[in-house]
Amino acid sequence: MANPQATRTGRPDYVPPPIDGDFYGIANVMSESERALLRRVRAFTEGAVAPVIEEYWGRDEFPFAIVPKMAEIGVGGVGYQGYGAAGGSWLLNGLVAMELARVDASVATFWGVHTGLSAGSIYLCGDEEQKQRWLPPMMRFEKIGSFGLTEPLVGSATSGGMLTTCRREGDVWILNGQKKWIGNATFAEINVIWAREEGTNQVKGFVVGKDNPGFSVEKIRTKMALRVVQNGLITLKDCRVPEADRLQNANTFKDTAKVLRMTRTGVAWFAVGCQMGAYEHALRYATERIQFGRPIGGFQLVQDLLVRMLGNVTSTQAMMLRLAQLQDEGVMRDEHASLAKAFCTVKCRETVGYARELLGGNGILLENHVGRFVADAEAIYSYEGTREMNTLIVGKAITGLSAFV
């Protein structure tokens, strides 16, 4: 059968090369069993997520049918040891994050909030009984988690300005306050809530169930980014939490920061995957879109955009490869994670912008995919620490001078 692409272009010999955003073969450093997991992730994203994601993104809804399928591929707790977790290295965790975000940043964020921020808080700050109680069902995606840190009036200043309070009355803690932008909160059964203790002003962590007295959630609507993520405004009004549900090893904001340090690398990987997906869609479009009798991929200015995109994707992949190695070696510092988060999200914004430029007017249509990546890049750019705050963390490390106010 004749190649329809060759027929359209008048070039019987034209067969587009395979589209692969991993230009330097970063995934090839993994073992065969690890690559097998990555293949399962790609089969899941291509088979279960890609066919439905534009519809759910447009409707501002979450495709719950994908959750059991995500559980089947074994990505619960990649990088964690024990408690039913998938195990493996932090590099494997990062490549899974990249693969998920390559198809949809919202689905990647759902996974990152659940297995990273929420389960990670329990993994790092819970005692043994709490880990045994909560982590296995979370690793199986039977109980979904959320992570409540950011507040309506407090974002970057949360370490010293948290307004949500807690006080102990016998064996019960009373929580009051609000948490905003909390991913998965509209349906999560395990909500990790951070609050400042009255009197001591020390930050403590709690696991709050959706049915706890005094706990309520309102869905945040009209978002322009990560529309599939169900973000909630949590209100805690004399919310009662038993002492047994207080994370026993979360007693200061330094403990909260341990969780953020671990997960900030994941957001940088999301930025890599997001621009990887935008690049691949743009490249495919360039080989299929015919103008002046040939694919636009054969024009110099289009190839320039494609190579700019690929350079950004490849440089951030290489940066994240080294960062994951530092994390696996146990020597990664806050400034290492912050530099990656700041740099990769800036490059992500740039790359998706190039993809949108390449598609012209078609770039704003959901059916051409790139517009979704452009919008979602805006959220990745801001959450888990803005570029400015991460810049100050790195700046303090390299100068020895703090510019925080």
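Because the structure is a prediction, the values reported are computed rather than measured. Values below: all heavy atoms of this structure, side chains included; hydrogens, waters and symmetry mates excluded.
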For Tyr56, is the NZ or CZ atom of Arg59 found under 6.0 angstrom from the centre of its six-membered ring and inside 45 degrees of the ring axis?
-> yes
Examine Arg246 relative to Phe206 and say whether NZ or CZ is less than 6.0 Å from the centre of the six-membered ring and inside a 45° cone about the ring axis.
-> no
Minimal non-hydrogen separation, [X] against [Y], with atom names:
{"X": "Gly177", "Y": "Thr164", "answer": "CA-OG1, 3.8 Å"}
{"X": "Leu117", "Y": "Leu260", "answer": "CD2-CD2, 4.2 Å"}
{"X": "Ala278", "Y": "Val352", "answer": "CB-CG1, 3.8 Å"}
{"X": "Pro152", "Y": "Leu233", "answer": "CG-CD1, 3.9 Å"}
{"X": "Ile174", "Y": "Arg240", "answer": "CD1-NH1, 3.6 Å"}
{"X": "Ala27", "Y": "Leu95", "answer": "CA-CD1, 4.3 Å"}

Is it true that, when you exclude [X] itself, more than 12 heavy atoms of the residues, nucleotides or ligands shown sit nearer than 6.0 Å to its [atom1]?
{"X": "Tyr24", "atom1": "OH", "result": "no"}
{"X": "Phe64", "atom1": "CZ", "result": "yes"}
{"X": "Glu218", "atom1": "CD", "result": "no"}
{"X": "Glu32", "atom1": "CD", "result": "yes"}

In Å, rounded to the nearest 0.5 Å, how long is the span from [atom1] of [X] to [atom2] of [Y]?
{"X": "Arg261", "Y": "Glu384", "atom1": "CZ", "atom2": "CD", "result": "12.0 Å"}
{"X": "Phe44", "Y": "Leu100", "atom1": "CZ", "atom2": "CG", "result": "7.0 Å"}
{"X": "Leu301", "Y": "Leu306", "atom1": "CG", "atom2": "CG", "result": "11.0 Å"}
{"X": "Ile380", "Y": "Cys348", "atom1": "CD1", "atom2": "SG", "result": "5.0 Å"}
{"X": "Ser121", "Y": "Lys258", "atom1": "OG", "atom2": "NZ", "result": "12.0 Å"}
{"X": "Trp90", "Y": "Met262", "atom1": "CH2", "atom2": "CE", "result": "4.5 Å"}

Answer whether the closest heavy-atom distance between the side chains of [X] and [Y] falls below 4.5 Å.
{"X": "Gln275", "Y": "Arg349", "value": "no"}
{"X": "Ser216", "Y": "Ile234", "value": "no"}
{"X": "Leu365", "Y": "Asn362", "value": "yes"}
{"X": "Gln178", "Y": "Leu236", "value": "no"}
{"X": "Met138", "Y": "Thr115", "value": "no"}
{"X": "Ile190", "Y": "Lys210", "value": "no"}
{"X": "Tyr279", "Y": "Thr314", "value": "no"}
{"X": "Thr165", "Y": "Leu175", "value": "no"}

Derivation and outcome, side-chain contact (heavy atoms from CB on, under 4.5 Å), residues Val96 and Trp111 = CA-CA 10 Å; Val96 168; Trp111 173 81; 3.7 Å; yes
Sequence neighbours excluded, the answer for side-chain contact (heavy atoms from CB on, under 4.5 Å) partners of Glu388 is Thr386
By side-chain contact (heavy atoms from CB on, under 4.5 Å), which residues pair with Thr200, not counting sequence neighbours?
-> Glu197, Gln202
In sequence, state the C-alpha distance, the side-chain angles, and the governing distance for Asn249 and Leu124, and then conclude on side-chain contact (heavy atoms from CB on, under 4.5 Å).
-> CA-CA 8 Å; Asn249 296 313; Leu124 291 178; over 6 Å; no
Any Lys/Arg nitrogen of [X] or [Y] sitting under 4.0 Å from an Asp/Glu carboxylate oxygen of the other?
{"X": "Arg284", "Y": "Glu280", "value": "no"}
{"X": "Asp255", "Y": "Lys204", "value": "no"}
{"X": "Glu169", "Y": "Arg167", "value": "yes"}
{"X": "Lys396", "Y": "Asp334", "value": "no"}
{"X": "Lys143", "Y": "Glu189", "value": "yes"}
{"X": "Lys219", "Y": "Glu61", "value": "no"}
{"X": "Glu99", "Y": "Arg39", "value": "no"}
{"X": "Lys347", "Y": "Glu350", "value": "yes"}
{"X": "Asp304", "Y": "Arg308", "value": "yes"}

Taking the side chain from [X] and the backbone from [Y], do they hold a donor-acceptor pair closer than 3.5 Å?
{"X": "Arg42", "Y": "Glu46", "result": "no"}
{"X": "Ser146", "Y": "Ala185", "result": "no"}
{"X": "Arg168", "Y": "Gly170", "result": "yes"}
{"X": "Asp376", "Y": "Ala225", "result": "no"}

Polar contact flag, side-chain donor to acceptor under 3.5 angstrom, Gln130-Tyr123 | no
Among side-chain atoms of Trp57 and Asp104, is any donor-acceptor pair under 3.5 angstrom?
-> no
Do the two ring centres, one from Phe62 and one from Phe187, sit under 6.0 Å apart?
-> yes
Quick one: do Glu329 and Gln325 satisfy side-chain hydrogen bond (donor to acceptor under 3.5 Å, both in side chains)? Show the steps, please.
-> CA-CA 6 Å; Glu329 293 165 8; Gln325 291 172 340; over 6 Å; no
Kindly assign one of parallel, tilted or perpendicular to the pair Phe299 and Phe292, based on the angle between their ring planes and the thresholds 30° and 60°.
-> perpendicular
Plane angle bin for His114 and Phe110 - parallel if under 30°, tilted between 30 and 60°, otherwise perpendicular | parallel
Evaluate side-chain hydrogen bond (donor to acceptor under 3.5 Å, both in side chains) for Ser338 paired with Glu335, printing each intermediate quantity in order.
-> CA-CA 5 Å; Ser338 289; Glu335 55 266 30; over 6 Å; no
Begin with the C-alpha distance, continue with both residues' side-chain angles, and end with the deciding distance and a verdict on side-chain hydrogen bond (donor to acceptor under 3.5 Å, both in side chains) for Asp245 and Trp173.
-> CA-CA 9 Å; Asp245 292 351; Trp173 290 82; over 6 Å; no
Starting from the C-alpha separation in whole Å, work towards a yes-or-no answer on side-chain contact (heavy atoms from CB on, under 4.5 Å) for Gln230 and Asn184.
-> CA-CA 5 Å; Gln230 302 299 287; Asn184 305 347; 6.0 Å; no
For the pair Thr109 and Tyr383, evaluate side-chain hydrogen bond (donor to acceptor under 3.5 Å, both in side chains) and give the outcome as yes or no after the intermediate values.
-> CA-CA 10 Å; Thr109 299; Tyr383 73 55; 2.9 Å; yes
How far apart are the C-alpha atoms of Arg102 and Asp22, what are their side-chain angles, what is the distance that settles it, and do they pass the side-chain contact (heavy atoms from CB on, under 4.5 Å) test?
-> CA-CA 11 Å; Arg102 170 186 163 269; Asp22 188 4; over 6 Å; no
